[in-house]
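Letters A, B, ... mirror the listed sequences (proteins, then strands); counts begin at 1.
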Amino acid sequence: MQQRKSVTQEYTNSVLLNGTLETPKWWPYLVSILLFFVLVGIGLFFVQIYFGLGVTGLSRPVYWGLYITTFVFWVGISHAGIMISAILRLTQAEWRRPVTRAAEILTIFSLLTALVFPLIHAGRTWRIIYWLLPYDFSRGIWPNIRSPLFMDPIAIGTYLTGSTLFLFIALIPDLAVLRDRTTGLRKGFYTILAMGWRGNPRQWKMQVVGGILLSALMLPIFVSVHSIVSWDFAVTIGVEGWHSTIFAPYFVIGAVHSGVSAVVTMMALMRWGWKWNDFIRPEHFDALARLLTVVATAWLGFTFLELIFALYGLDAPEIALREMQIFQYPWNMLFLLFLLTGYIIPVPMWLFKRVRTNIALMFWSSIMVNIGMWLERFLIIVPGLARKTPFVFTWEAYSPSWFEWYILFWSFCWVTLLMLLFSKVFPLVPLFEQKESEVFSDSVKIGRANVPTIFREEEE
Amino acid sequence: MSKSILGLFLDPNSAADAMDGLKESGFEQGSFDVLTGTPYPEGAFGEHVPQHRLFRFPAFGAIIGFSASLFLTTATQLAYPLITGGKPILSIFAMLIIMYEMTMLSAVIFSVIGIIFESRLPNINPSAYDPRITEGYIGVVISVEDKDLNKAKAVFEKTGSEEVKVV
Amino acid sequence: MVIENKDRSWGMVIDTDKCTGCNGCVIACQVENNVPLNDQNKFERGRVMSWMRVERYWEGEFPDVKARFIPIPCQHCANAPCEPVCPVYATYHNNEGMNIQVYNRCVGTRYCANGCPYIVRFFNYWEPIWPEEMRNHLNPDVTVRSRGIMEKCSFCVQRIRRGTRKAKEENRELEDGDITTACQDACPTQAITFGDLNDQESKVSKLSKDDRSYTLMPQFNTDPNVIYLASIKENKEESQEEKAHSHD
Amino acid sequence: MTNQEKHFWPPSDPSVVRTELINNTKKGGSTLRTIVVSLILLSILIIVGIIGKVIIDGNDQTQWGYVAAILAFILSATGGAPMVAIAPLIAKASWARPISRIAHIIGSVSIVNVIIMIPILRMLPPLIVDGTRRRSIWFEAPNYSPHFWDTLGLIMLAITGIALLYSSSIPDFAVMRDSSDGIRKKIGKILSRGFVGTTVQWSKLRMRIGILSTLYFFVLVFVHFIISTDLSMSMVPGWRDAIYPMYHTMSGIQGGVASVIILCWIVRKYGKNQNYITINQFWALGRIMFATSLMWIYFFYSAFIVFWYGRSESDAAWLDLLIRGPMMYVFIIAMLFSFVIPWWWLIWNRVRNSFNGPFIGAIIVLIGLLLDRIRLYVPSWSVDPKLIHDKWLTEIPKILYPDIWDIMIFIGSISLVFLIIIGLSRILPLIGVWEIHQLNLLSKPGKFMKAHGIRVAKPD
């Protein structure tokens, strides 16, 4: 956190609300394009419902494919939010401030997308209610709580509800700002949401204490969600390479890796799209990249462990699977690409401060990471199924149909669309956190050097 | 009948002085309050630090969530004793996961309720307020009887407030 | 409410030594249980459906090479890995030792198929279609499965129910051999035997105690109700000698 | 806890700090002498025990579980301690500065592990058992790789720990050289190696500490990895548990934090250091230990649920051997002491925010750690060596009780650890003089208008 440009609160308001109170030129065009793609995707989804899952490239025994991969991928992305806003809030990292809101929104929308994928994936979507709702009268039976697939909706639902409420609490002061800046219907809307916030000490104290409390509560949920998703795979004994105890932390750390990278991508886009150069500054990318380097290395360690202990058993089917996964075309190409994009290219780049503070490079490297992480999920899920059990007669290949590829593309459009719509109604960067850091930060002279300082209250 | 007066300040220190002035001129702590557009360190204006019972809410929520989920998971399995995969009818270790999630969920929900309640929101009839507060102005608001009106006004004038509004 | 007899454990013994790999059981099962027909496209896409399948593998080196066959239906495991993972109880274990698939409950998550190490569960990727002239040949006792659900060998549950009902009408106990599965009837070499494993006198339970008996993939600890009898390997040297003698 | 105490800060006058801390190294007197003498006598037990053990069951590998457990316990209880100093260094948190010396000292006693490792080298079965290779992480490596690498790893850990301690205390040796007399002055002269505090020296020092800290972390993880797999997992046929090394490391760090708390408590109470080790340190340490307890249960459960759900033959064997078999009660108590009690105890802020609360928690955690190591190592060593090549464990060994030699080794090693710590505390201050200076320089209690708090320089 080096010398930062000191800005007044009016300036903060005017700049950070420029996406909400006025519309950027590119906004309508982008939204309409995305809307088109999204609608096409929804149409295709109904086509699939009508004709059945034959339209996908799935087969026997590759019963799970691109849909589940993408589901896991989006759940992974969703781990950005709490990672950033909770952990950094608890460790009082100053540079979190402009990042938090964006990360939380990313969490919420990617979770919404992730929740859609089991629906798309299921054979009889119109009966999915049997599974998602705890009770349903037509069938007179409750869901099987022993099934990891039932734990998934519970965990993801918890995470979604929790982070939405978290977001709302952190939004209230900014809603008050908007209430003071708008007129007419919108004012009414914000007035209701702001619930008559005035900003007296009691309310601010609740903001701070409540933020810490909610972070502490969200953290265990955040860890549990991806663990439970990973247990979908880990508990099945029939599939080689799935029945591994390391999956839970392995998935979580991988999720943090991809999620934080997604936040980097998003911040770069925000800086470019809304010209928030005074608030989203190179040093934020620097800090995120340093965090990512640590996370990525830990993740690589887990990958290594997973591989070692897969071979440790020395049983033939497992070794056959790994042999295919790593050495056989086309899997070997995917595996190479996964290693390169997931770690080998981006992380050494991040070792240089010149790269860390270069927004364009950070943007591209973070995108690279997410390609790698998507491939990781794909390489965990599909080869295991394709080389399932010692029955070599039933080994199958899997090539996704264009249908599945489009749904994958659709999910990205969907998330971006939701983001843009959100940005029209609520500020993407928390205003009051910015102002707070303005108030609390200062600089003292130690000898000749002018060192920036921050004022920290005594928490009780 | 009582009125509420709002004094707007640009400089935090003069706002703090105003608070002192009000104290000296014999208004009791509860009657006046400081409004800011950004969190200030606790007690920066010499206002009395608000007490709260926030941490009771999540505890309460956790208890409720735990017992509810315990009931739900047990009941579902006992109501439909279908054997799956030779697992026990009461598969505790599967139940634990769901109980954990539901406990956390209701803890979060209750602490959010707690935050809203403890910050006295929703505030149906907000007294004197000014949009400029969210632009960095600092508002000192006090509700007084008519007789003390001028006394309070004087304090604001003395400590150099930008504007004094009487509602 | 279906009739469920207590203390039964329906099981099957398959003698791989008798199996000639004629695939008769596969066809019989196909016809009995209204399993959709497999065309070339299905084979290419790896979406074949056959509740009973015959795996073939070679033994020995050319020229004296032997084809070995092993018919694989659903193993109806006591510790079935497919059951606990279903979120909607679409598959569960009933008190006749069978692994039941409830088509109405199934939402098609295909998780059970991942759980099953024997790969005997099949998913309806399309709505099943039969040629016009075969529509009237479908078995009226068996549901025709719609698209998007799992299906698998049911031990010809319809035959079990019919047999039980018949025995009830003639008010007598169900005897061993009353109930036969389609694959069993079709098998020309009588390689397949079906019956109650809990009944100590029944043919299956006797055969299952044979010292040739084994179960598939014991490492998964699934405790299947389908028991195999190993094929008898002839002793090389002896056969050589016999040949020699026969020549002179 | 009055507000005054909460804002308590080390004396800011450098000369006071210097004299007080340097003089603490001289304090002690008769009581200390008696303690040292008795510790020396007790430490001899370790040799006695080892010799006795070798003579009695020198050729029965199944009897050596407890020795391995003691090794693992000492490793876990001391090895993790420096992380308390390293993690805040990375997070740029200044609260840990007064206790980082203590953490380093605890980390530098790993030499004890090397001593216990010597007899185990004799007992540990080679990779090739009667002709065929047994399952291990050393797939095709030479026959005695575990013996070589485990010893090397432990030695490396000891060396790195001592190096870290040394380089982090060079400035204090310089202080002793300048403001002490007699033997301490000589030691300071030799060990400070002409450190006079030029800018270059300081920057070099910082870099060295940074590098050594990182190195220490990796060595620690590596040692936990190989010790846990070679000395327990690979002794059991079919135990394939990818998360186990991570679980081992995690509980190791938990134990390290616990022992730092205990030593801090002793040093503060009997070392007259109330001015330096304040409530802030205990508060933070309590929080860290709380977090590590949660991590413990997370890592344990993510292994447990997979085995419980999978229930293949090897999974069932794992459960029978370590959880519900002969070791059930040990496991339950270990679980209570490592997770349940610390968690329920430290969740209360009033407990964390005190001196005795974390101390009691730490003692409980260490007991739990010992029991956990016993339940992991003893059964795996007592498995019949003839079964080593099986696909999964068929017969569960009976429970084994420690004999007199095991107890001797245990007492001896513990007292040796304390002996080394006391010895070190005689030649260099237990609280880093320069660390206190840094703390006073970079963060001090300040006022914001009328609010009390801390001004922290260089906020991350």
So, the part of A:Leu311 with a heavy atom under 4.5 Å from chain D: the answer is both
NZ or CZ of A:Arg202 within 45° of A:Trp204 ring axis and under 6.0 Å:
no
Identify which of A:Ser227, A:Ala248, A:Ser244, A:Pro249 forms the greatest number of heavy-atom pairs closer than 4.5 Å to chain D.
A:Pro249
Filtered by a 4.5 Å non-hydrogen cutoff, the part of residues 303-310 of chain D contacting chain A is D:Ala303, D:Ile305, D:Val306, D:Phe307, D:Tyr309, D:Gly310
Option that, when pairs with chain D are counted at under 4.5 Å, heavy atom only, ranks first among A:Val294, A:Thr236, A:Leu314:
A:Leu314
Geometric class of the D:Phe300/D:Tyr247 ring pair [parallel <30°, tilted 30-60°, perpendicular >60°]
tilted
Can you confirm if the aromatic rings of D:Phe225 and D:Phe222 lie within a centre distance of less than 6.0 Å?
no
For residues A:Thr303 and A:Tyr343, is any side-chain donor paired with an opposing acceptor at under 3.5 Å?
no
Is it the side chain or the backbone of A:Ile246 that comes within 4.5 Å of chain D heavy atoms, both, or neither?
both
Sort out for me which residue in A:Phe251, A:Tyr250, A:Phe233 forms a ring-ring contact (aromatic ring centres under 6.0 Å, His included) with A:Trp242.
A:Phe233
So which part of A:Arg96 gets closer than 4.5 Å to some heavy atom of chain D, the side chain, the backbone, both or neither?
neither
Does either side chain, that of D:Ser234 or that of D:Arg134, offer a donor lying less than 3.5 Å from an acceptor on the other one?
yes
Region of A:Pro148 in contact with chain D, defined by heavy-atom distances below 4.5 Å
both
Under 4.5 Å from any heavy atom of chain D, what part of A:Phe247 do you find: side chain, backbone, both or neither?
neither
